[in-house]
Amino acid sequence: MLEEVERWLSRRSWSVSDRPLERVLAAKRGTTVSVVLPALNEEATVGDIVRVIRRELMTEEVPLVDELVVIDSGSTDRTAEVAAAAGARVVARDDILPRIPAVPGKGEVLWRSLMVTSGDVVCFVDADLRDFSADFVTGIVGPLLTDPDVEFVKAMYDRPFGDTPGQGGRVTELVARPLLNLHWPRLAGFVQPLGGEYAARRSLLERLPFPVGYGVELGLLVDALHTVGLDALAQVDVGVRKHRHQDGQALGRMAAAIYRTAQLRLSRGHLVRPRLTQFERGEEGFEPRTYAVDTEERPPMAEITEYAHRRVA
């Protein structure tokens, strides 16, 4: 590990217990905080997450979070209804920036969320978390409120796979971590580079391009490094993350999108063939299934006319 990364780990890696809630609240002053939950068919978990945030972080006694928004990216279940009943403001992805047709993908939702939130600090939380703790929010928002030099904070945690501790994050270990260590070794200290829980200053997020799909976490991390430098990045241990695991083929598609995101940042060139073929056993043996790999990125939100007009207004 680079000596610079070792120094960074000692300066910019914390535990949620390092900043008690009272200290975080005292440092908040006039800074506003938005929490965004990107959601697609998450009726089983999104309501509990919203209720915890509202009950523990949005009260008169603990006014840490100023707005809580669920961006529904086309759910066919009761996600929107459950989230609204629990107390979130729910916005449909396709209702945001209708001039630009939406495409499927998590990054697309996160990018559009900047248009419908107003917080100085924006905190992203995946909507499929189980046994959710408010520490996920206070942990990653805390450094942004207490340290003006910090711009981007990722959560780190244990990721059990079923009943087996520490075996989650397969794409992280097989794809993202090798890519970062080989090509961006200054980011080798991040425990969960692909984790969906992170917070950043709006002033940074609006300057970054957003890969529309699974590559968004890697892309934002790499681009934040190049934009503000390693010392402006940090991570906070928030404990254990439990969520729904995807099957191997879905992970393969995720891995391809992440590799593509890295390849684009390495060369700023073009993929020869942005497709991934996988195999599934059918009635007549193994059958190929070919999927498009996300190749689109949204420009920095600061370049979008509607966003500029909104800020002026």
Side-chain angles (χ1 to χ4, degrees), residues 14-39 42 45-72 79-80 82-91 96 109-110 112-127 129-157 195-206 232 234-239 241 301 307 310-311 313:
W14 298 292
S15 167
V16 64
S17 61
D18 291 333
R19 289 177 178 80
L21 183 55
E22 296 78 11
R23 179 187 170 194
V24 174
L25 283 172
K28 186 174 187 286
R29 301 185 184 92
T31 304
T32 54
V33 176
S34 299
V35 174
V36 173
L37 276 64
E42 303 294 357
T45 50
V46 68
D48 288 340
I49 298 172
V50 170
R51 279 188 286 272
V52 168
I53 294 173
R54 288 198 61 86
R55 182 177 66 244
E56 299 186 24
L57 303 177
M58 299 183 72
T59 65
E60 185 175 344
E61 295 78 16
V62 186
L64 181 65
V65 173
D66 298 282
E67 64 176 345
L68 174 56
V69 182
V70 171
I71 310 292
D72 184 18
T79 291
V82 169
R89 176 162 65 95
V90 180
V91 182
I96 307 170
V109 176
L110 301 184
R112 289 175 186 264
S113 75
L114 297 181
M115 190 71 202
V116 294
T117 56
S118 59
D120 303 311
V121 169
V122 182
C123 173
F124 298 122
V125 175
D126 281 349
L129 301 189
R130 295 184 287 109
D131 300 333
F132 178 76
S133 166
D135 286 350
F136 275 79
V137 175
T138 59
I140 56 179
V141 167
L144 295 163
L145 298 178
T146 62
D147 190 332
D149 294 328
V150 174
E151 300 262 352
F152 186 99
V153 184
K154 295 216 66 151
M156 56 178 168
Y157 32 67
E197 290 68 49
Y198 48 101
R201 300 191 191 281
R202 175 177 295 272
S203 57
L204 171 61
L205 291 173
E206 65 187 14
Q235 61 184 349
V236 176
D237 187 348
V238 297
R241 183 186 197 268
M301 186 58 79
Y307 187 76
R310 189 199 72 162
R311 298 195 70 180

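V36 is not listed as a side-chain neighbour of C123, based on a closest heavy-atom distance of 4.5 Å or more. Residues V35 and M58 fail the side-chain proximity criterion, which asks for heavy atoms closer than 4.5 Å. Using a 4.5 Å heavy-atom cutoff, the side chains of F132 and T45 are not in contact. Put simply, the side chain of V238 does not reach to within 4.5 Å of the side chain of T138, judged on heavy atoms. Side-chain contact between L25 and P63 is present, with at least one heavy-atom pair separated by less than 4.5 Å.
Distance CZ/F152 to CZ/R201: 13.0 Å, rounded to 0.5 Å. Annotation: the span from D135 atom CG to I140 atom CD1 amounts to 11.0 Å, rounded to 0.5 Å. Rounded to the nearest 0.5 Å, atoms CG (L57) and CG (L68) are 9.5 Å apart. For the atom pair CD1 (I71) and CZ (F124), the distance works out to 9.5 Å, reported to the nearest 0.5 Å. Atom-to-atom distance recorded for D131:CG and I49:CD1 is 10.5 Å, nearest 0.5 angstrom. With values rounded to the nearest 0.5 angstrom, L144 atom CG is found 8.0 Å from E151 atom CD.
What you find for D237 and Y157 is that their closest heavy atoms are OD1-CA, 4.3 Å. For D120 against G30, the heavy-atom pair with the smallest separation is OD2-O, 3.9 Å. Here the shortest heavy-atom pairing between V125 and P38 reads O-CD, 3.3 Å. Closest approach of G87 to R54, counting heavy atoms only: O-NH1, 3.1 Å. Between G139 and P143, the shortest heavy-atom distance links the atoms O-CD, 3.1 Å. Taking all atoms of both residues into account, the shortest heavy-atom contact from V116 to R89 is O-NH2, 2.7 Å.
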From CA spacing to verdict: side-chain contact (heavy atoms from CB on, under 4.5 Å), D48, L129: CA-CA 9 Å; D48 288 340; L129 301 189; over 6 Å; no

From CA spacing to verdict: side-chain contact (heavy atoms from CB on, under 4.5 Å), V62, E56: CA-CA 7 Å; V62 186; E56 299 186 24; over 6 Å; no

Trace of the side-chain contact (heavy atoms from CB on, under 4.5 Å) decision for M301 with L205: CA-CA 8 Å; M301 186 58 79; L205 291 173; over 6 Å; no

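Although no hydrogens or angles enter the test, the distance criterion places a donor-acceptor pair under 3.5 Å between the side chain of R112 and the main chain of I96. The backbone N or O of M115 lies less than 3.5 Å from a partner atom in the side chain of R310, making a donor-acceptor pair. In this structure a side-chain-to-backbone donor-acceptor pair under 3.5 Å is missing from S15 to D18. Listed for the D66 side chain is no donor-acceptor partner under 3.5 Å among the backbone atoms of S34. Put simply, the side chain of E206 never gets that close to the backbone of L114: no donor and acceptor are under 3.5 Å apart.
A donor and an acceptor atom, one from each side chain of T117 and R202, are located under 3.5 Å apart. Counting only N and O atoms by type, the side chains of E42 and T79 include no donor and acceptor under 3.5 Å apart.
For V82, the side chain to side chain contact (heavy atoms under 4.5 Å, CB included) test picks out E43, V46, R78, with sequence neighbours left out.
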